[in-house]
Every structure is written in C-alpha cells, then in structure tokens.
Amino acid sequence: MTSVPRILPRAFYDRPVLEVARDLLGQVLVHEFNGQVLRTCILETEAYDGEDDQACHARRGKTPRVVPMYEEAGHAFIYFTYGMHWLLNAVTGAVGYPAAVLIRAAYPLQGLTQMAQNRAGQPFAHWCDGPAKLTRALAIDGSLNTCDLCQANSPLRIETGWELPQEWVRRSPRIGIDYAGEPWRSLPWRLDIPYARFTDWMAHTEQQGVS
DNA sequence: TCTTCGATTGTCT
DNA sequence: GACAATCGAAGAA
C-alpha cells in the first residue's frame, strides 16, 4: 500500500452503478473507531440500479429507509435486515436517482486483533466473507448511515487499493433476490474476485516486498 | 393496528 | 440441506 492512503474521490461514485461495483473490487474499506484503524480489501459487490430494478430496495419509491440512496454519490447507505444484520452500501450516480453498491465481502488487512474479537470463534477466512459478517467484523452499524466515504477524516471511508486484472472479475446473479422476478433475478450484477486467487496473489506480493 | 417478510448467518442433522 | 433467530419497514386492512 502507498505510504499516504488516498481517498477515492466523489467522481469515482458519480458513474453508472455497475462500473462503480466493478471498480470497487480491490479498493480498501476503512473504519476508524476507538482510536483503531480497521482496513479490508473489497472482494465482492452487487449493483442495485434505480426504481425499475425490482431487486432494489428503492423499487417502491422513496420510502424513509431508502432516502440515502437518492442522495449524493459517495455516501454510505447502511440498513438493518433480518432483525439482526447491518448491510453496507456505497451510493452512486446522480442526486435523485437511487442506486448503490452492496459491499458483500472483503479481505482483512489491518486491525486483525479487533476483527478477531468482533468475529469471536470464527476462522480468519470467514471474518468478512458475507455482507453482514463484514459489517460485524468492522463494527459498522446504523450510526454510520449517510457517512461520507470521500473524506479523509471520515470514520468510514474507502481508500485506493490495488488495480486487479479485469479477467479476475467473476460475474453472477445477485444473492437473495428471488422475489424480484425476471430479468432482475438473473442479471449478472454480482461481481467478485475469487478468494483463492486474491490470497495467492497477496502471498506472492508480500514475498516480493511489494505492499 | 395487523401481517408479512427480508440485499443473512450460524447451528444442527 | 434445513431451519431458527429476531425486529423494523412497508403494505394491507
């Protein structure tokens, strides 16, 4: 990683949501709290695109819960689901157009002791391999909803990470949205880097001293 | 007010 | 592979 972390600018998010979802892979999600810095590398995302997208929470319009999706790109949209889980999204596109990228999985980089504590009893590989596991490991909850991801002094932000080869990116249908019907249910709007591919590469770069 | 159900996870069989 | 946990948002009544 570069010695001085750079924050992804707002322009990064002010683009079509599918592009943002793809380009977020390999970037570094940071949560600073209790004087500690927790860093992870984003490995899996999903795109949700507008009121027409029947899998999108904004499909019924601008209800109180989804207001952040309509706001300025580059902010966090964090919501509560299944009575116990927080899920983290990055808002994209123009103000007034509800679109966001769900961050589904990441690789732990820094703050490992704290993450292990937050994911007590779970092995390293499963600390951040799901959207609610990730928020649990990073101690992210609703108090961070609408947080600006583009500010260097923001407790929750996304820094530039690595440019991973495009051919590493897998595309598949989004998870847990069977209710949406076609074509939404089958659109390949889930993007991910295979975990093993990333860890092999990490092991190699660490050996080379390139980090 | 009542009812349904979810962008999930962990445990148990 | 099945299923319970757990509760707020949203729609129906």
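In what follows, chains carry the letters A, B, and so on, assigned in the order in which the sequence lines appear, proteins first and then strands, with residues in each chain numbered from 1. We use all heavy atoms of the structure for the numbers below, so side chains are in, but hydrogens, waters and symmetry mates are not.
Within the structure, a side-chain polar atom (N or O) of A/R60 is placed less than 4.0 Å from OP1 or OP2 of C/dG11. The side chain of A/R104 places an N or O atom within less than 4.0 Å of a non-bridging phosphate oxygen (OP1 or OP2) of B/dT8. Contact between the side-chain N/O atoms of A/T63 and the OP1/OP2 oxygens of C/dA9 is not found at any separation under 4.0 Å.
To the nearest whole angstrom, the two C1' atoms, one in C/dC3 and one in B/dC5, are 16 Å apart.
Contact of the A/R190 side chain with the A/I175 side chain is registered, since non-hydrogen atoms from C-beta on lie closer than 4.5 Å. Two residues are said to be in side-chain contact when any heavy atoms from C-beta on lie closer than 4.5 Å; A/T160 and A/F12 fail this criterion.
If you check C/dA9, C/dT6, B/dT8 against the side chain of A/M84, the one that comes closest is C/dT6. Side-chain proximity of A/Y82 to B/dT9, B/dG6, C/dA9: nearest is B/dG6.
For A/W86 and C/dC7, the CH2 to P distance is 12 Å, given to the nearest whole Å. In this structure, A/Y79 atom OH and C/dA9 atom C1' are separated by 12 Å, rounded to whole Å. Rounded to an integer number of Å, the gap from A/R119 CZ to B/dT9 C1' is 8 Å. Atom CD1 in A/I177 sits about 17 Å away from atom P in B/dC5, given to the nearest Å. Distance CD (A/E44) to P (B/dT8): 10 Å, rounded to an integer number of Å. We find that NE2 of A/H85 is positioned 19 Å from P of B/dC5, with the value rounded to whole Å. In this structure, NZ of A/K62 is placed 13 Å from P of C/dA10, rounded to the nearest angstrom. Between the P atom of B/dG6 and the CG atom of A/L102 lies a distance of 16 Å, rounded to the nearest Å.
Among the atoms of the strands shown, none is found under 4.0 Å from any heavy atom of A/R174. Within 4.0 Å (heavy atoms only), A/L87 reaches sugar-phosphate atoms of the nucleic acid but no base atom.
For the residue pair A/Q27/A/D23, the side-chain donor-acceptor check at 3.5 Å is not satisfied.
Under the 4.0 Å criterion applied to side-chain N and carboxylate O atoms, A/E19 and A/R22 are not assigned as salt-bridge partners.
In this structure, A/F80 forms no aromatic stack with the base of C/dG8, since the conditions of centre separation below 5.5 Å and plane angle below 30° are not both met.
Base pairing analysis places C/dA5 opposite B/dT8; the two distances defining the Watson-Crick or G-U wobble pair are each below 3.5 Å.
To the nearest 0.5 Å, atoms CG (A/L164) and CG (A/L43) are separated by 8.0 Å.
Heavy-atom nearest nucleotides on DNA chain B were determined for A/R136 and for A/G83, and the one closer to the 5' end corresponds to A/G83.
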